[in-house]
Amino acid sequence: MNGIGTETYSMDEEQEVEEFEEEDEEEELSEDLGQRKQKINEFNVEGNQALNQTNIQTLNLKVNYIAKTENRQVKSKYDLQKKEDCNKFVESFGKGEYLATAIILSVFEAVTIEDFPWLMESLMEFLPNSKNSEKKENEYREQLDSYVALDSILQVIGAQKLITDEGQVCIGLGINNTKPLGNIWEQFLRLREGIVSWLLHLVEIQKCNTIFEAYQIVTAFTKVILIDNRTVEKYIFPQLYSNPGNVWLLGNLLFKLYEKDEKKEYWSTLIIKWACSRSEWLWKSAYLAYALFIEHDVTIKSEKQLKEILAERICVLRKKDINFIVSVLFLSSKVRTMFCEILNMAYMKVEDKEKVTLKYLAILRNGFYRVRSSHIEIPLLICDTVEQQNYLKYIISFIMERNGLRKQLFRILRPYMEEIANYKYSEKNIRYLAAYFYNMSLNGKDNVKEISYFLKECKCKLAKDVYIYFWNTYQKREKVLLT
């Protein structure tokens, strides 16, 4: 399973990154964005983006449970769902591959065959020694020397072979996954610290690089915390707070905990604490969790306060903050609408409006760098709801009134139009672009002339189609005003 987020910085490295970003931004404003995008692609930014996209998924992975375990003769079978059976099993196999397998499969919903050996090896390092179990373990150890022996282990603990929707072969307890961890946790206190330390170790070594693996990590921590929420403040969160690379994990984890736990008030308060945190990155986890709430139509009591706090951060966003924000914007239209509202709140509140508009333009540039033939929309430029357009109209109007800002916007639009003209685009894309240009035209006829000139200069079929939609919309508005 290589990391939920991969950025890790020391204090010195953090300063170096910020200094580089300041110099880099000046270069970005003067360089042709099309050429700059090509340079970024050469540094394999697409790969990094893919990693980010992996970790912002809603993680609604479904696992189809297909039993493939052979019916082999084993000396004992244990139903780990039953407390009595679970107790006998742990007492018999106090340390060893059998107990490690049971813990792994009670913590994770499913584990791939490829991941299982190193997961077992790493867990064994964290389990306390138990001399009483050595004899029993040795009786079964010979079964571990062949592939078939895995089926024997699975049968002993009631586990089975599983297959995911993508055809990946895994092992797990399947429908018997709900109670074993709780039984082990309740009856064998010496194992608790080892299990938590092991999970934190997995995050530390960043063994989580796919949606499936990210889902398993989030699910594992959610299970442990719901069984014993004292572990949150005492062990789990303090450790996770120490590494900026855990920003994606924490956001997903907070969402899952709020979704599954009855103590909504605690998690609602925690998201506010994260948003207000002096940490340079913990607020991002709050933003991600909030985005997941929005995506799933989950309402939290602290929502208004949360939006106000996030709006206050807009003017101080750094380049890497914007990169994170844009990654989350790809989640859904509902999330983009939410962020447009936050941008509008920031714009309305601050005296220096230009600060907000500059951050908005930085978001558009970041979105442009991500454009591919498979994904041609720039978030907050291709507005896919009327609400987004309404929230952004004052910011766009401010930009169009100032020559320097207006030039920056057109410097984004020109290479963007030229690039996507070579891709497969839809009528919907044309209409959304036309709507954006219409928003640009709202505060004066001079803007209409400049937009018309710009679209004609682009000299591609896309620009021509956008111009037709834009001009028809503008003419309809003029007729309404005259009447």
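Computed from a prediction, not measured in an experiment: that's the story for all the values here.
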Asker: Hydrogens and angles aside, do Thr385 and Ser333 bring a side-chain donor and acceptor to less than 3.5 Å of each other?
Answerer: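 There is no such pair between these side chains.
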
Asker: Please say which of Leu405, Ile322, Leu343 ends up in a side chain to side chain contact (heavy atoms under 4.5 Å, CB included) with Tyr360.
Answerer: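 With Tyr360 as partner, side chain to side chain contact (heavy atoms under 4.5 Å, CB included) holds for just one option, Leu343.
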
Asker: Minimum heavy-atom separation for Gln389 to Ala435, with atom names?
Answerer: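 Closest pair (atom of Gln389, atom of Ala435, distance): NE2-CB, 3.4 Å.
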
Asker: Evaluate the side-chain contact (heavy atoms from CB on, under 4.5 Å) criterion for residues Tyr258 and Ser268: first the C-alpha distance (whole Å), next the side-chain angles of each, then the deciding distance (0.1 Å), finally the verdict.
Answerer: CA-CA 8 Å; Tyr258 188 92; Ser268 182; 4.1 Å; yes

Asker: Decide if the gap between the ring center of Trp198 and the ring center of Phe108 is smaller than 6.0 angstrom.
Answerer: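 Yes.
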
Asker: Looking at SG of Cys340 and CD1 of Ile395, how far apart are the two atoms once the value is rounded to the nearest 0.5 Å?
Answerer: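 Result: 8.0 Å between the selected atoms.
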
Asker: Say whether Lys82 and Asn87, considering side chains only, have a donor N or O and an acceptor N or O under 3.5 Å apart.
Answerer: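 The criterion, which ignores hydrogens and geometry beyond distance, is not satisfied for Asn87 and Lys82.
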
Asker: So Tyr394 and Tyr347, would you call those rings parallel, tilted or perpendicular, with 30° and 60° as cut-offs?
Answerer: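 The arrangement is parallel - the two ring planes meet at less than 30°.
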
Asker: May I ask you to check whether over 12 heavy atoms, not counting those of Lys355, lie within 6.0 Å of atom NZ?
Answerer: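 Incorrect, the count does not exceed 12.
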
Asker: May I ask you to check whether Thr231 and Asp228 show a side-chain donor-acceptor distance below 3.5 Å?
Answerer: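 Per modelled atom types, Thr231 and Asp228 side chains form no pair under 3.5 Å.
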
Asker: Compute the ring centroids of Tyr241 and Trp281, then answer whether they are less than 6.0 Å apart.
Answerer: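 Centroid distance Tyr241-Trp281: not below 6.0 Å, so no.
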
Asker: Any donor-acceptor pair under 3.5 Å linking the side-chain atoms of Arg370 with those of Ser327?
Answerer: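 The answer is yes; a qualifying pair exists.
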
Asker: Report the C-alpha separation of Gln216 and Val111 in whole Å, then their side-chain angles, then the decisive distance to 0.1 Å, and conclude whether the side-chain contact (heavy atoms from CB on, under 4.5 Å) test is met.
Answerer: CA-CA 8 Å; Gln216 296 300 334; Val111 173; 6.0 Å; no

Asker: Begin with the C-alpha distance, continue with both residues' side-chain angles, and end with the deciding distance and a verdict on salt bridge (charged side-chain N to carboxylate O under 4.0 Å, His left out) for Asp85 and Lys88.
Answerer: CA-CA 5 Å; Asp85 266 23; Lys88 288 179 181 179; 5.2 Å; no

Asker: Nearest 0.5 Å, please: how far is CG in Leu191 from CG in Leu181?
Answerer: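 One finds 10.5 Å between CG of Leu181 and CG of Leu191.
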
Asker: Using every non-hydrogen atom in the two residues, find where Leu202 and Ser122 come nearest and quote the distance to one decimal.
Answerer: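 In this case the closest contact between Leu202 and Ser122 is CD2-OG, 4.1 Å.
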
Asker: Quick one: CZ on Arg318 to CD on Glu280, what's the gap to the nearest 0.5 Å?
Answerer: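 Going from CZ on Arg318 over to CD on Glu280, the span is 4.5 Å.
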
Asker: For Asp115 versus Trp118, what's the shortest heavy-atom pair and its separation?
Answerer: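 Asp115 and Trp118 have their closest heavy atoms at OD1-NE1, 3.1 Å.
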
Asker: When you check the gap from the basic side-chain N to the acidic O, do Arg313 and Asp321 get nearer than 4.0 Å?
Answerer: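 No.
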
Asker: Less than 4.5 Å apart, side chain to side chain, heavy atoms only: is that true for Glu387 and Asn390?
Answerer: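 In short, these two side chains do not touch, never coming nearer than 4.5 Å.
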
Asker: Please say whether more than 12 non-hydrogen atoms of neighbouring residues, nucleotides or ligands are located less than 6.0 Å from CD in Glu114.
Answerer: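 More than 12 within 6.0 Å, yes.
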
Asker: Give, for atom CG of Leu381 and atom CG of Leu364, the distance between the pair rounded to the nearest 0.5 Å.
Answerer: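 Separation between the atoms: 5.5 Å.
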
Asker: Ignoring hydrogens and geometry beyond distance, is a side-chain donor-acceptor pair present between Gln160 and Gln155 at under 3.5 Å?
Answerer: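 Their side chains do not contain a donor-acceptor pair, so the 3.5 Å distance test is not met.
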
Asker: Any chance the side chains of Tyr290 and Glu303 put a donor and an acceptor closer than 3.5 Å?
Answerer: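 Yes.
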
Asker: Within 45° of the six-membered ring axis of Phe324 and under 6.0 Å from that ring's centre, is NZ or CZ of Lys284 located there?
Answerer: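 Here Lys284 passes the 6.0 Å and 45° test against Phe324.
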
Asker: Measure the CG-NZ distance between Leu150 and Lys161 for me, rounded to the nearest 0.5 Å.
Answerer: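 Interatomic distance, Leu150 CG to Lys161 NZ, rounded to 0.5 Å: 5.5 Å.
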
Asker: Does Asn366 use its side chain to pair, donor to acceptor, with the backbone of Ile363 at less than 3.5 Å?
Answerer: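 Answer holds: no.
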
Asker: Within a 6.0 Å radius of atom CD on Glu233, are there more than 12 heavy atoms belonging to other residues, nucleotides or ligands?
Answerer: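 Result for CD/Glu233: enclosed.
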
Asker: Taking all atoms of both residues into account, what is the closest heavy-atom pair of Ile104 and Leu123, and its distance?
Answerer: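 Smallest interatomic distance, heavy atoms only, reads CG1-CD2, 3.7 Å.
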
Asker: A side-chain contact here means heavy atoms from C-beta on lying under 4.5 Å apart; do Ile163 and Cys170 qualify?
Answerer: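 Ile163 does not reach Cys170 side chain to side chain.
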
Asker: Would a distance-only check, ignoring hydrogens and angles, find a side-chain to backbone donor-acceptor pair under 3.5 Å from His375 to Val371?
Answerer: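 Not a single qualifying donor-acceptor pair exists.
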
Asker: Answer yes or no: is there a donor N or O on one side and an acceptor on the other, between the side chain of Lys223 and the main chain of Glu109, under 3.5 Å?
Answerer: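 Not confirmed, Lys223 side chain does not pair with Glu109 backbone.
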
Asker: Could you please spell out the steps behind the salt bridge (charged side-chain N to carboxylate O under 4.0 Å, His left out) verdict for Lys256 and Asp261?
Answerer: CA-CA 8 Å; Lys256 285 294 182 184; Asp261 197 0; over 6 Å; no

Asker: Taking all atoms of both residues into account, what is the closest heavy-atom pair of Ser285 and Leu250, and its distance?
Answerer: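 Ser285 and Leu250 have their closest heavy atoms at OG-CB, 3.5 Å.
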
Asker: Could you go step by step and tell me if Phe293 and Thr299 meet the side-chain contact (heavy atoms from CB on, under 4.5 Å) rule?
Answerer: CA-CA 7 Å; Phe293 291 147; Thr299 303; over 6 Å; no

Asker: Can Ser332 and Glu295 be said to form a side-chain hydrogen bond (donor to acceptor under 3.5 Å, both in side chains), step by step?
Answerer: CA-CA 7 Å; Ser332 75; Glu295 172 66 10; 2.4 Å; yes

Asker: Is it the case that the side chains of Glu377 and Asn429 hold a donor-acceptor pair, with the cut-off being a distance below 3.5 Å and no angle test?
Answerer: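 Judged by distance alone, the side chains do pair up.
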
Asker: Considering all heavy atoms of both residues, which atom of Leu392 and which atom of Leu380 are nearest to each other, and what is their separation?
Answerer: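 Looking at all heavy atoms of both residues, the shortest contact is CD1-O, 3.4 Å.
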
Asker: Using a 4.5 Å cut-off on heavy atoms from C-beta on, say whether the side chain of Leu310 contacts that of Lys307.
Answerer: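 Side chain of Lys307 against side chain of Leu310, heavy atoms only: no contact under 4.5 Å found.
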
Asker: Between Lys428 and Asp384, is a salt bridge (charged side-chain N to carboxylate O under 4.0 Å, His left out) present by the stated rule, with each step listed?
Answerer: CA-CA 9 Å; Lys428 183 173 67 174; Asp384 44 10; over 6 Å; no

Asker: To the nearest 0.5 Å, what is the distance between CZ (Arg336) and CD1 (Ile382)?
Answerer: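 The CD1 atom of Ile382 is 10.5 Å from CZ of Arg336, to the nearest 0.5 Å.
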
Asker: Keeping Lys77 on the side-chain end and Ile157 on the backbone end, is there a donor-acceptor pair under 3.5 Å?
Answerer: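 No; judged by distance alone, with no hydrogens or angles, the pair does not exist.
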
Asker: Answer with yes or no whether the side chains of Gln388 and Thr337 bring together a donor and an acceptor at under 3.5 Å.
Answerer: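 Present: a donor and an acceptor within the cut-off.
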
Asker: Do Trp283 and Ser277 have side chains that approach each other closer than 4.5 Å (heavy atoms only, starting at C-beta)?
Answerer: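 The answer is no; the side chains never approach within 4.5 Å.
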
Asker: Less than 4.5 Å apart, any side-chain heavy atom of Val247 and any of Leu288?
Answerer: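 No - every pair of side-chain heavy atoms lies 4.5 Å or more apart.
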
Asker: Tell me, yes or no, whether the heavy-atom count around Gln187 atom CD, taken from other residues, nucleotides or ligands under 6.0 Å, exceeds 12.
Answerer: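 Above 12, so yes.
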
Asker: Backbone N or O of Lys393 within a donor-acceptor pair of the Ser397 side chain at under 3.5 Å?
Answerer: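 Pair absent, no side-chain N/O of Ser397 close to backbone of Lys393.
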
Asker: Kindly indicate whether the side chain of Val335, heavy atoms from C-beta on, has any atom under 4.5 Å from the side chain of Phe330.
Answerer: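 Side-chain contact under 4.5 Å: no.
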
Asker: Is it true that, when you exclude Glu308 itself, more than 12 heavy atoms of the residues, nucleotides or ligands shown sit nearer than 6.0 Å to its CD?
Answerer: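 Yes, because the 6.0 Å sphere around CD of Glu308 holds more than 12 heavy atoms from other groups.
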
Asker: Any chance you could lay out the side-chain contact (heavy atoms from CB on, under 4.5 Å) test for Phe116 and Thr101, step after step, and finish with the verdict?
Answerer: CA-CA 8 Å; Phe116 179 67; Thr101 301; 3.3 Å; yes

Asker: For a 4.5 angstrom cut-off between non-hydrogen side-chain atoms, does Phe89 reach Ile184?
Answerer: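 Side-chain contact under 4.5 Å: no.
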
Asker: Do Val232 and Tyr266 make a side-chain contact, defined as non-hydrogen atoms from C-beta onward lying under 4.5 Å apart?
Answerer: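 Val232 reaches Tyr266 side chain to side chain.
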
